[in-house]
Trainee: 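Encoded as structure tokens, here's the structure I'll be asking about.
We use all heavy atoms of the structure for the numbers below, so side chains are in, but hydrogens, waters and symmetry mates are not.
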Amino acid sequence: MSSRLMFPALIHTITYLKGGIFGVPLFHKRESQFSIRTPWGLSFPPAYVDTHSLSRRRKIYSQEKGFRYQSMEKPESDVAIIDYLQDAPLSDSYEAALEALSSLVRQQKHGDQKTIGGKYGKLDRMRMYLKTLDLEERVAGLKIIHVAGTKGKGSTCTFCEAILRESGFRTGLFTSPHLIDVRERFRINGVDISEVKFLLYFWNCWNQLKEHETEDLPMPPLFQFLTVLAFKIFVCEQVDVSIIEVGLGGRNDSTNVIEKPVVCGITSLGMDHTETLGNTIGQIASHKAGVFKHQIPAFTVLQVSEAMDVLQENARELMVPLKVVEPLDSKALNGLKLSLSGDHQFSNAGLAVSLCKTWLQRTGNWEKLFQKDNREANLPEAFLRGLSTAHISGRAQIVHDSSSSISHVSPEVAETSGDLIFYLDGAHSPESIEACAKWFSVAVKGNNQSPSLVLSSSHNIENINVVWKNGHVQHEKCNIQEFNKISKKILLFNCMEVRDPQILLPRLVSTCASSVVPSDISSKDLSWQFSLQRLWERIVHGIDTDLLEKSTKMDGAETSPHREFLYEDASNCSPSNGYFACSAVIPSLPLTIKWLRDCVRENPSLRLQVLVTGSLHLVGDVLKVIRR
């Protein structure tokens, strides 16, 4: 390998998608806008429907015929008429639901404390929404694991879901944000809720809330609606356990209408969402501790002293038995591996194990299920299966993109293409970015040493002919030519403007040091991306880059870097002559992916290892593009 190819390149991208907050997409929709033809005033109870029923104009099903949850609605609602789509096909009805959801996005700056109107507070409104949907008592009957924290919430919840599902329970998992499809937020028994069921529960909630909308009780903002919808889904699906991830903070979060969870957890705390939660780790910890409930057991991981002091003080006030959980010992896995990659996942796994044990004990299921596995030193087999199979997209995830091979030619010709491997992690806080950098450093070394990595499980994705999971991938084919690949590391980065890239990017430089040249774009507003680029160049070279700022305003610029971009030696990069080879700005994500694919198609000896990080929205958009 040439020494000059040891330097990765930084590529910033901007994604133009509709329906977003702060320039970041919320819902991935068709390019055209959809008119909402649904009569929102219509209210109907759930009914049993098959895949084809929603595409027909009128279909009547009895709740008694195959629908499990007859006690959920009032007795007079024995029959439901599915007539709200008015001949619209299923895909269009789903788009109408996404349009409706998009209308709930409040167009205000991140961190704006301005209320949405009305005389009620946020949690009071949440309780009124639940009462409107006749869910108050039913939500109180859910057996909930409630998890807050700065980083690791999603992973911890995912571990919990997998452990309890493997233990034989019907699980419901609510997490955020979604990467590609909003249905990802609602998992039943480890699977995203189906489109048919999503539409059923969505319009049931939407129509009833619309009917009761007033000036004092307007339609809920997006996350509040999704939280109410999650409760509706879990009640109707009669799950045994509901694992609920806090959206933001804890004390004032929409999920904190949960009054009596079975157990609470707080993952690792750090400096994030400071505009809302406070500028010190103590203030942030106080918000997170808001999920503690009187005498309900709670667990947390090792924290910095200031955060731990606040958590313990809040626990004492509420008589909460708070225990600190050590990271899971890898020896406890009996030779298996955590399905989620990165050393930080042992902390999340240890917390999940404690949460699940306590949930099982407090619901009277531990002794029934695991009498033979009751020794503290041993994890039950169900726990081991859950820890080794849990899956969450966009966190320490490796995807080998076979679309970089030319599909319409013979296999012999296609095999002459290079490798394009995406390492995806939605890290966006200083601590999680640092953990991401460590994971990437280890992962690329493993990939360069062997033509195939550890096989964990199989997930089929269009255009990705590879079995993959979080942090682990195994190619379908490998040969001796794989050992001769020239590896080039590329950082594909973007972050929301509310984040501080001056804190995030330096943590990546030590792992992904860099190589040179911007692509000058003037056709769209790329000011934020260019500011990120200038920051990256300043970090790499240790000086200001005024010449780069001038060069970004040139007209008639190219839309992607020249091919030599990948092979430039960083020593050629000189701010004094205005020539930069350490970074490039590309105006759209599809153009970026196309450029990467073209590069490996043209050079069979090239392996591009692309770290995608800085934003879960960016990770989701990359996954969406490479699935096409």
Trainee: Within the distance-only criterion (no hydrogens, no angle test), does the side chain of Ser441 pair as donor or acceptor with the backbone N or O of Ala437 below 3.5 angstrom?
Mentor: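 Absent.
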Trainee: Thr300 and Leu311: which non-hydrogen atoms are nearest, and at how many Å?
Mentor: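 The answer is OG1-CD1, 3.8 Å.
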Trainee: Going from NE2 on His287 to CZ on Arg251, what distance comes out if it is rounded to the nearest 0.5 angstrom?
Mentor: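 Here the interatomic distance stands at 7.5 Å.
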Trainee: To the closest 0.5 Å, what do you measure between CG (Leu133) and CZ (Arg138)?
Mentor: 10.5 Å
Trainee: So, Lys232 versus Asn204: side-chain donor-acceptor pair below 3.5 Å or not?
Mentor: yes
Trainee: For Asn314 and Val310, indicate whether the former's side chain and the latter's backbone hold a donor-acceptor pair under 3.5 Å.
Mentor: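 Looks like yes, one N/O pair under 3.5 Å.
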Trainee: Between Val320 and Ile296, is the side chain to side chain contact (heavy atoms under 4.5 Å, CB included) condition met? List the steps.
Mentor: CA-CA 6 Å; Val320 169; Ile296 300 295; 5.6 Å; no
Trainee: Do Arg183 and Tyr94 meet the cation-pi criteria used here (NZ or CZ under 6.0 Å from the six-membered ring centre, within 45° of the axis)?
Mentor: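 Yes, Arg183 sits over the ring of Tyr94.
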Trainee: Can you label the angle between the Trp206 ring and the Trp203 ring as parallel, tilted or perpendicular, going by 30° and 60°?
Mentor: perpendicular
Trainee: Tabulate below the donor-acceptor pairs under 3.5 Å that side-chain atoms of residues 260-270 make, not counting sequence neighbours, or state none.
Mentor:
| residue | atom | partner | partner atom | Å |
| --- | --- | --- | --- | --- |
| Thr267 | OG1 | Ala148 | O | 3.4 |
| Thr267 | OG1 | Lys151 | O | 2.9 |
| Ser268 | OG | Lys151 | NZ | 3.3 |

Trainee: With no hydrogens and no angle check, is any side-chain donor or acceptor of Glu166 less than 3.5 Å from a backbone partner on Ala162?
Mentor: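 Checking the backbone N and O of Ala162 against the side chain of Glu166, no donor-acceptor pair under 3.5 Å is found.
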Trainee: Can you tell me which residue among Thr171, Asn189, Thr156 is in a side-chain hydrogen bond (donor to acceptor under 3.5 Å, both in side chains) with Glu161?
Mentor: Thr171
Trainee: Check this for me, if you would: do Arg185 and Asp181 make a salt bridge, where the nitrogen-to-carboxylate-oxygen distance has to be below 4.0 angstrom?
Mentor: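 Asp181 and Arg185: not salt-bridged.
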Trainee: Can you tell whether the side chains of Lys624 and Asp621 come within less than 4.0 Å, N to carboxylate O?
Mentor: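 So Lys624 does not pair with Asp621 through a salt bridge.
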Trainee: With a 4.5 Å limit on heavy-atom distance, are the side chains of Leu492 and Leu589 in contact?
Mentor: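 A side-chain contact under 4.5 Å exists here.
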Trainee: Strictly distance-based, threshold 3.5 Å: is any side-chain N or O of Ser347 a donor or acceptor partner for the main-chain N or O of His344?
Mentor: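 Not a single qualifying donor-acceptor pair exists.
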Trainee: Could you check whether Arg316 pairs with Glu313 (Lys NZ or Arg NE/NH1/NH2 to Asp/Glu carboxylate O, under 4.0 Å)?
Mentor: no
Trainee: Under 4.5 Å between any side-chain heavy atoms of Leu611 and Leu508, yes or no?
Mentor: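 The answer is yes; the side chains approach within 4.5 Å.
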Trainee: Can you find a pair of side-chain heavy atoms, one from Cys157 and one from Phe174, that are under 4.5 Å apart?
Mentor: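 Of all side-chain heavy-atom pairs linking Phe174 with Cys157, none is under 4.5 Å.
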Trainee: Can any side-chain N or O of His391 pair as donor or acceptor with the backbone N or O of Thr389 at less than 3.5 Å?
Mentor: no
Trainee: Is any side-chain heavy atom of Ile243 closer than 4.5 Å to a side-chain heavy atom of Val241?
Mentor: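 In short, these two side chains touch, coming nearer than 4.5 Å.
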Trainee: Does Ser103 use its side chain to pair, donor to acceptor, with the backbone of Ala100 at less than 3.5 Å?
Mentor: yes
Trainee: Can you check whether Ile180's main-chain N or O pairs, donor with acceptor, with Glu184's side chain at less than 3.5 Å?
Mentor: yes
Trainee: Any side-chain heavy atom of Ile144 sitting closer than 4.5 Å to one from Trp359?
Mentor: no
Trainee: Are Met219 and Tyr129 side-chain neighbours, meaning at least one heavy-atom pair lies under 4.5 Å?
Mentor: no
Trainee: NZ of Lys438 to CD of Glu434: how many Å apart, nearest 0.5 Å?
Mentor: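 Nearest 0.5 Å value for the NZ-CD distance: 5.0 Å.
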Trainee: I would like to know whether Leu360 and Leu164 meet side chain to side chain contact (heavy atoms under 4.5 Å, CB included); could you show each step before the answer?
Mentor: CA-CA 9 Å; Leu360 288 164; Leu164 293 175; 4.0 Å; yes
Trainee: Is the closest side-chain heavy-atom distance between Phe234 and Ile188 below 4.5 Å?
Mentor: yes
Trainee: Between His146 and Thr255, do the side chains contain an N or O donor and an N or O acceptor separated by less than 3.5 Å?
Mentor: yes
Trainee: Please confirm whether the backbone N or O of Gly149 pairs with a side-chain atom of Lys288, one donor and one acceptor, at under 3.5 Å?
Mentor: yes
Trainee: Would you find a donor on one side and an acceptor on the other, under 3.5 Å apart, between the side chain of Asp272 and the backbone of Thr150?
Mentor: no
Trainee: Ring pair (Phe, Tyr, Trp, His ring centres under 6.0 Å) between Phe202 and Phe225: does it pass, once the steps are laid out?
Mentor: CA-CA 9 Å; Phe202 173 85; Phe225 181 89; 5.3 Å; yes
Trainee: Quick one: closest heavy-atom pair of Gly426 and Leu616, and the distance?
Mentor: CA-CD2, 3.6 Å
Trainee: Checking Asp253 side chain against Gly247 main chain: does a donor-acceptor pair fall under 3.5 Å?
Mentor: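 Flag set: sc Asp253 to bb Gly247 pair under 3.5 Å.
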Trainee: Provide the closest heavy-atom pair for Leu504 versus Pro430 in the form atom of the first, atom of the second, distance.
Mentor: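 Here Leu504 and Pro430 meet closest at CD2-N, 3.6 Å.
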Trainee: Determine the minimum heavy-atom distance between Ser615 and Cys495, stating which atoms define it.
Mentor: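 Closest heavy-atom pair between Ser615 and Cys495: CB-CA, 4.4 Å.
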Trainee: Between the side chains of Lys293 and Asn256, does any donor sit under 3.5 Å from an acceptor?
Mentor: yes
Trainee: Are Ser155 and Gln345 linked by a side-chain donor-acceptor pair shorter than 3.5 Å?
Mentor: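 Yes.
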Trainee: If you compare all heavy atoms of Leu387 against all heavy atoms of Ala349, which two are closest, and at what distance to 0.1 Å?
Mentor: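 Nearest pair, atom of Leu387 first, then Ala349: CD2-CB, 3.9 Å.
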Trainee: Working to the nearest 0.5 Å, report the span between CG of Leu333 and CG of Leu379.
Mentor: 7.0 Å
Trainee: Between Tyr423 and Gln397, does any side-chain donor sit less than 3.5 Å from a side-chain acceptor?
Mentor: no
Trainee: Working to the nearest 0.5 Å, report the span between CD of Glu306 and OG1 of Thr280.
Mentor: 5.0 Å
Trainee: Between Pro221 and Leu104, is there a side-chain heavy-atom distance shorter than 4.5 Å?
Mentor: no
Trainee: Centres of the Phe383 and Phe159 rings: under 6.0 Å?
Mentor: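 No, the ring of Phe383 stays outside the 6.0 Å limit from the ring of Phe159, centre to centre.
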Trainee: If every non-hydrogen atom of Val619 is compared with every non-hydrogen atom of Gly394, which pair is closest and at what distance?
Mentor: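 Of all heavy-atom pairs spanning Val619 and Gly394, the closest is CG1-CA, 3.6 Å.
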Trainee: So Val324 and Val301, side chain to side chain contact (heavy atoms under 4.5 Å, CB included) or not? Walk me through it.
Mentor: CA-CA 5 Å; Val324 180; Val301 299; 6.0 Å; no
Trainee: Could you state the interatomic distance from CG (Asn348) to CZ (Phe346), rounded to the nearest 0.5 Å?
Mentor: 11.0 Å
Trainee: Apply side chain to side chain contact (heavy atoms under 4.5 Å, CB included) to residues Phe422 and Leu623 and explain how you reach the verdict.
Mentor: CA-CA 9 Å; Phe422 291 95; Leu623 284 171; over 6 Å; no
